[in-house]
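Okay, structure first, notes after.
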Amino acid sequence: MIFNQKAFKLTTIFAILIVIITFYSCKFVIKEEISEVNLVDKKASKSVLKLHHKLTEITKKGVAIGHQDATSYGIGWNYENDTSLIKSDINEVVGDFPAVYGFDIGHLELANEANLDAVNFNSMRKLIINAYKNGGIITISWHLDNPTSGGDSWDKTPAVKDVITGGIHKEKYDLWVSRVADFLKTLNYNGEEIPIIFRPYHEMNGGWFWWGEGNCTALEYKQLWQETVVLLRDKHNIHNLLYAYSPNKLNPDDDYLKYYPGDEFVDILGIDIYDFNNANAYKNSVINDLNIVKKIASEKNKLYAFTETGLEKIQTPKWFTEVLYPAIENSGISYILFWRNARLDHHYMPFKGHVSETDFKQFIQLPKTLLLKDLKTNKNK
Ligand code: BMA
């Protein structure tokens, strides 16, 4: 009896030791992985390091599925009309929320109450906090107005030269960035700064934005990016950002790195590619371009993602399972962001009763697609 008691005690101590050792070695591995990461912000908050680690882990499982303005509005509803309930068209269709949430802060620079798509900034803050609380990943783009002409992002009046050092609107731009910083500072949950993938000045190799090809030089673009980072990080002490660079689909002569502001200024390499009702061209672009992004990102030891995509109205049968999925399943991207469900003639995700509803349901059953619940569990199909 005495012997048995002793043996029992020893076994218990041994078991506790094993648990402690396992716990600390796991912690150590995570710490090791995190400390090897070379981020734009050397003072990045712990939550940013955790997000980076989370994205790295996601790539081992699959692709996190994201939707722009997922919870702000959808077809036939708007969060503003009933703030007691957080909805999402994806959730209506498949019973789960997106893993990634896209928001846009265009018009925050003007100190407006709502963004360029009429999303109120106070509501946006609530939705960001809620998504983070539930384990979601947040990414923010910035379709800011043209600082020179006062037009919108699509006003091509050259302006980049005016907002970089020495430019006539530099002061105005500093004020605009300070407004962005003020908003970012309010994104907290439970004492943690909410980590954000910040993706300004995207699709610069296309000619449709004032910061795009033909409307500024690559050198000016890089300077704009770098000075924006320095303002946010060093002047305003914003430490909850991962910075994402995302050119548009590459044309045959395009160099992915033409506007790249440098390894010290970018954390995530991305690309935006849309299907303009040409499935073959889209598939080829996605496979080709994601391969290029993967190669460059791997050399640079950086994460990479499919930062914007979609087929407007998704009328092509089996688009998700037969066009998109084969092109991304082995791409190694950490996430994919579908554009917004604004209207019946401008949406990129199915909603209840949509012709692509069944196909989307099948898409999210496939091994690599991860919605919110799949981030927490092992997707076992
Ligand atoms: C574009 C369109 C616009 C919108 C803008 C910013 O692709 O969806 O209607 O204003 O993005 O969200």
Side-chain angles (χ1 to χ4, degrees), residues 66-80 88-90 98 100-110 112-125 127-128 131 138-147 149-157 159 176 179-180 183-184 196-213 215 244-249 270-278 282 285-286 305-315 319 324 335-351 354:
H67 192 197
Q68 181 74 4
D69 285 342
T71 46
S72 307
Y73 52 79
I75 303 302
W77 62 273
N78 193 308
Y79 172 71
E80 291 307 322
S88 137
D89 279 346
I90 296 188
V100 178
Y101 296 75
F103 294 91
D104 195 281
I105 53 169
H107 291 182
L108 185 61
E109 73 279 2
L110 308 177
N112 285 6
E113 276 181 12
N115 82 352
L116 74 165
D117 300 317
V119 178
N120 178 282
F121 286 114
N122 286 326
S123 300
M124 191 185 291
R125 179 184 305 107
L127 294 172
I128 289 174
I138 320 295
T139 176
I140 291 184
S141 49
W142 186 19
H143 284 92
L144 68 167
D145 272 4
N146 185 312
S149 66
D152 60 20
S153 290
W154 294 265
D155 181 322
K156 298 175 189 173
T157 309
W176 284 11
R179 287 175 175 154
V180 170
F183 179 74
L184 292 172
I196 307 287
I197 300 167
F198 187 47
R199 191 174 65 92
Y201 303 122
H202 65 141
E203 299 170 11
M204 77 303 288
N205 56 331
W208 43 90
F209 294 127
W210 57 261
W211 57 83
E213 176 107 358
N215 310 322
Y245 168 74
S246 61
N248 193 57
K249 172 185 99 69
I271 190 131
D272 296 2
I273 309 171
Y274 281 86
D275 182 347
F276 294 102
N277 285 305
N278 186 341
Y282 173 75
S285 272
V286 173
F306 197 173
T307 38
E308 253 187 62
T309 195
L311 165 68
E312 196 175 52
K313 296 198 278 183
I314 359 161
Q315 299 293 308
W319 186 80
L324 178 63
Y335 70 88
I336 180 169
L337 183 79
F338 294 93
W339 206 240
R340 63 199 199 104
N341 275 14
R343 307 177 297 270
L344 278 176
D345 64 348
H346 187 50
H347 61 268
Y348 296 85
M349 272 290 173
F351 44 86
H354 192 281

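Counting starts at 1 for both ligands and their atoms, in listed order.
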Test your reading of the structure: does Trp339 have an N or O sitting under 3.5 Å from an N or O of ligand 1?
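Yes, there is a polar N/O contact under 3.5 Å.
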
Could you tell me whether Arg340 and ligand 1 have an N or O pair separated by under 3.5 Å?
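N/O-N/O distance below 3.5 Å exists for this pair.
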
Test your reading of the model: is there a side-chain donor-acceptor pair from Asp89 to the backbone of Met349, 3.5 Å cut-off?
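Here the side-chain-to-backbone pair does not exist.
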
Any donor-acceptor pair under 3.5 Å linking the side chain of His354 with the backbone of Lys313?
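It does hold such a pair.
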
Please state whether the rings of Trp211 and Phe209 are parallel, tilted or perpendicular, taking 30° and 60° as the class boundaries.
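Trp211 vs Phe209 ring planes: parallel.
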
Which one holds for Leu116 and ligand 1: side chain close, backbone close, both close, or neither close, with close meaning a heavy atom under 4.0 Å?
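Side chain only; the backbone of Leu116 stays clear of ligand 1.
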
So with a 6.0 Å cut-off around CD of Gln315, is the heavy-atom count from everything else above 12?
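Atom CD in Gln315 is crowded, with more than 12 foreign heavy atoms closer than 6.0 Å.
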
Where ligand 1 meets Asp117 - atom numbers and elements under 4.0 angstrom, heavy-atom basis
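Matching atoms, with element in brackets: 4 (C), 6 (C), 10 (O), 12 (O).
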
Which atoms of ligand 1 have any heavy atom of His346 under 4.0 Å away?
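Those atoms are 2 (C), 8 (O), 9 (O).
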
Tyr274-Glu308 side chain donor-acceptor pair, cut-off 3.5 Å:
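Checked: Tyr274/Glu308 side chains pair up, N/O donor to acceptor below 3.5 Å.
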
Trp154 near ligand 1, heavy-atom distance under 4.0 Å?
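Trp154: in contact with ligand 1 (<4.0 Å).
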
